[in-house]
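To start, the structure under review is shown below, and the notes come after it.
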Amino acid sequence: MTKKQWQYLLLLPTLLLVLTGCGSSSDDEDDLSAQCPATSTITDADEVLTEIVYTSIQETSNANDSSGTAQAVNKNTIISGNLSLPSFGLCADNDCDDYYKVAVTEGNELEISLIGATATDFHLYLDDGSEYYSQSGSSNEKLTYTVPRGMSELIVWATANNGTGDYTLTITSFSDATPITPSTSELNGKITDATNGTALPGASIKLRACGQKTGDVLASDTSDGSGNYNIDITTGTYTAEVSLDGYTSEFTTIALTADEDSIKNFPLNEQLAEGETRIVLSWGATPSDLDSHIQVPKATSGTTEISYRNRSEEGTALDVDDAGGFGPETITISTANAGTYTYWVQDYSNKGSDTSTALANSGAEVKVYNSSGLAKTFTVPNTAGDKWNVFTMDGTTGAITTVNTID
């Protein structure tokens, strides 16, 4: 019998859309800051330009002559160096090209000038990672460039097209350049009950600075009668808090892309009684069908398996089964038996393929809750295979042992 036939027999609940959060296996959500992008510490340099003279520049053979060996220099710098024309395809004692890696600040305007001996043919280049800019054909070259949003590093290099000559390269940054207007993003989605897919009106979603669970709220909304919310905010990475009385508050990191809409759906866990455990699996749009499985110790002897084939036995039930992407798939243990519970996720869409990377690339996440709230979070490993072995749990103590492997 196919899974689809099983689903008809077992009355598959309405499909849910949920957020796939980010992070690795953890006991709580206190390390949100680890999911945040690094904050730039670059500040505007002094008006007095720093000079790097020839003796301070890497001018040995095969050094400082490629982007991979570029010498790191600060903006607002004067560099006094030397270039030589390659002879028969080989460099002389000094580099054929001189490469410099410059720390920059978005929105600032850069002026790069190269001045050398009269009649020397220099080439000046600028690489911003996607396009080259160049000036060539004289001993006096100059480029101006406005640093775009998100850029923190730039490659500048010079080469001689004839002869050998000393040069002075000056990299100047002007902080009073026209600022870049921040872009905005729209975040929307639906907030539902993780066990039955019911829309949750009146739930609060708050966005704070990335890594912050408390403090200033930068944007917020409340879900409507259909559980939907919508927020417009400056593009960036934020920590979202979703809360509703009677449910466990959720914290997750959300990265919003410039001028694009993002859909983030949240299944909320209704607070559990002492001794209860709930397992919530969520993922992205693909693969369409991931399945929750748990091997349950029986009260008498032996074990049984709870999944879409056998949805309720021995105090354990599959509350929600999803076959259309995103999830959630939710299992609740109401009464635990003595023994070991073993939980895994099967990629039903690619079942039988040990070389498939669909599961690894699904963004799948498993959250385990108990009466105290969120107990453990697992993120799918980046390994090929169709079965994710997530954790085991002691039915007597509730202690969770991480497995987190794919085969």
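- Two residues are said to be in side-chain contact when any heavy atoms from C-beta on lie closer than 4.5 Å; I331 and Y341 fail this criterion.
- Using a 4.5 Å heavy-atom cutoff, the side chains of L207 and L187 are in contact.
- Interatomic distance, Y247 OH to N269 CG, rounded to the nearest 0.5 Å: 9.0 Å.
- Side-chain atoms of E153 and K101, non-hydrogen and from C-beta on, do get closer than 4.5 Å to each other.
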Would V368 and Y343 count as a side-chain contact (heavy atoms from CB on, under 4.5 Å) here? Give the steps.
CA-CA 11 Å; V368 185; Y343 176 83; over 6 Å; no
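- Taken from NZ in K367 to OG1 in T252, the straight-line distance is 5.5 Å, to the nearest 0.5 Å.
- Across T253 and C210, no two heavy atoms sit closer than the pair CG2-SG, 4.0 Å.
- Between the CD1 atom in I306 and the OG atom in S292 there is a gap of 12.0 Å [rounded to 0.5 Å].
- The closest side-chain donor-acceptor pair between E314 and T304, if any, does not fall under 3.5 angstrom.
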Determine, step by step, whether D347 and S356 satisfy the side-chain contact (heavy atoms from CB on, under 4.5 Å) criterion, reporting the C-alpha distance in whole Å, the side-chain angles of both residues, the deciding distance to 0.1 Å, and the verdict.
CA-CA 9 Å; D347 179 1; S356 172; 4.3 Å; yes
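- Contact annotation: the side chain of V217 approaches that of R208 to within less than 4.5 Å [non-hydrogen atoms, C-beta and beyond].
- In this model, a donor atom of one side chain and an acceptor atom of the other lie less than 3.5 Å apart for E186 and N230.
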Checking K206 against Y238 for the side-chain contact (heavy atoms from CB on, under 4.5 Å) test, could you report, in this order, the C-alpha distance in whole Å, the side-chain angles of both residues, the deciding distance, and whether it holds?
CA-CA 10 Å; K206 301 175 182 177; Y238 301 91; over 6 Å; no
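- L244 approaches P201 most closely through the heavy-atom pair CD1-O, 4.1 Å.
- Of the possible polar contacts, none joining the T146 side chain to the E109 backbone as a donor-acceptor pair under 3.5 Å is found.
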F391 vs I279, test: side-chain contact (heavy atoms from CB on, under 4.5 Å). Steps then yes/no.
CA-CA 11 Å; F391 68 89; I279 306 161; 3.7 Å; yes
Checking side-chain hydrogen bond (donor to acceptor under 3.5 Å, both in side chains) for the pair D193/T198: CA distance, chi angles, key distance, verdict?
CA-CA 5 Å; D193 186 301; T198 303; over 6 Å; no
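- Ring planes of Y308 and Y348: perpendicular class, angle over 60° (limits at 30 and 60°).
- Using a 4.5 Å cut-off on side-chain heavy atoms (C-beta onward), F251 and L374 make no contact.
- Within the 4.5 Å cutoff, the side chain of L359 has no heavy atoms near those of the N350 side chain.
- Under the side chain to side chain contact (heavy atoms under 4.5 Å, CB included) test applied with L318, the options R309, R311, H293 reduce to a single match, R311.
- Residues D319 and T195 bring no donor and acceptor atom of their side chains to less than 3.5 Å of each other.
- Using modelled atom types, one side-chain atom of D322 and one backbone atom of G327 make a donor-acceptor pair closer than 3.5 Å.
- Of the possible donor and acceptor atoms, one in the side chain of D386 sits under 3.5 Å from a partner among the backbone N and O of G352.
- S223 contributes a side-chain N or O that, together with a main-chain N or O of L200, makes up a donor-acceptor pair within less than 3.5 Å.
- Here the straight-line distance linking atom CD of E241 with atom CZ of F266 works out to 10.5 Å at 0.5 Å rounding.
- Across all non-hydrogen atoms, the minimal contact from G398 to M393 is O-CG, 3.7 Å.
- In this structure, a donor-acceptor pair under 3.5 Å is present between the side chains of E274 and S371.
- With contacts defined as side-chain heavy-atom distances shorter than 4.5 Å, the pair E329/V320 does not qualify.
- Minimum interatomic distance between A199 and S226 (heavy atoms only, all atoms of both residues): CB-O, 3.3 Å.
- Closest approach of P297 to T303, counting heavy atoms only: CA-CG2, 4.1 Å.
- In this model, no donor atom of one side chain and acceptor atom of the other lie less than 3.5 Å apart for N188 and D261.
- With 3.5 Å as the limit, one finds a donor-acceptor pair spanning the side chains of W388 and N404.
- No side-chain donor-acceptor contact under 3.5 Å links N228 to the backbone of D224.
- In this structure the side chain of T402 never reaches within 4.5 angstrom of the side chain of V390, judged on heavy atoms.
- The shortest heavy-atom contact between S288 and W283 is O-CZ2, 3.7 Å.
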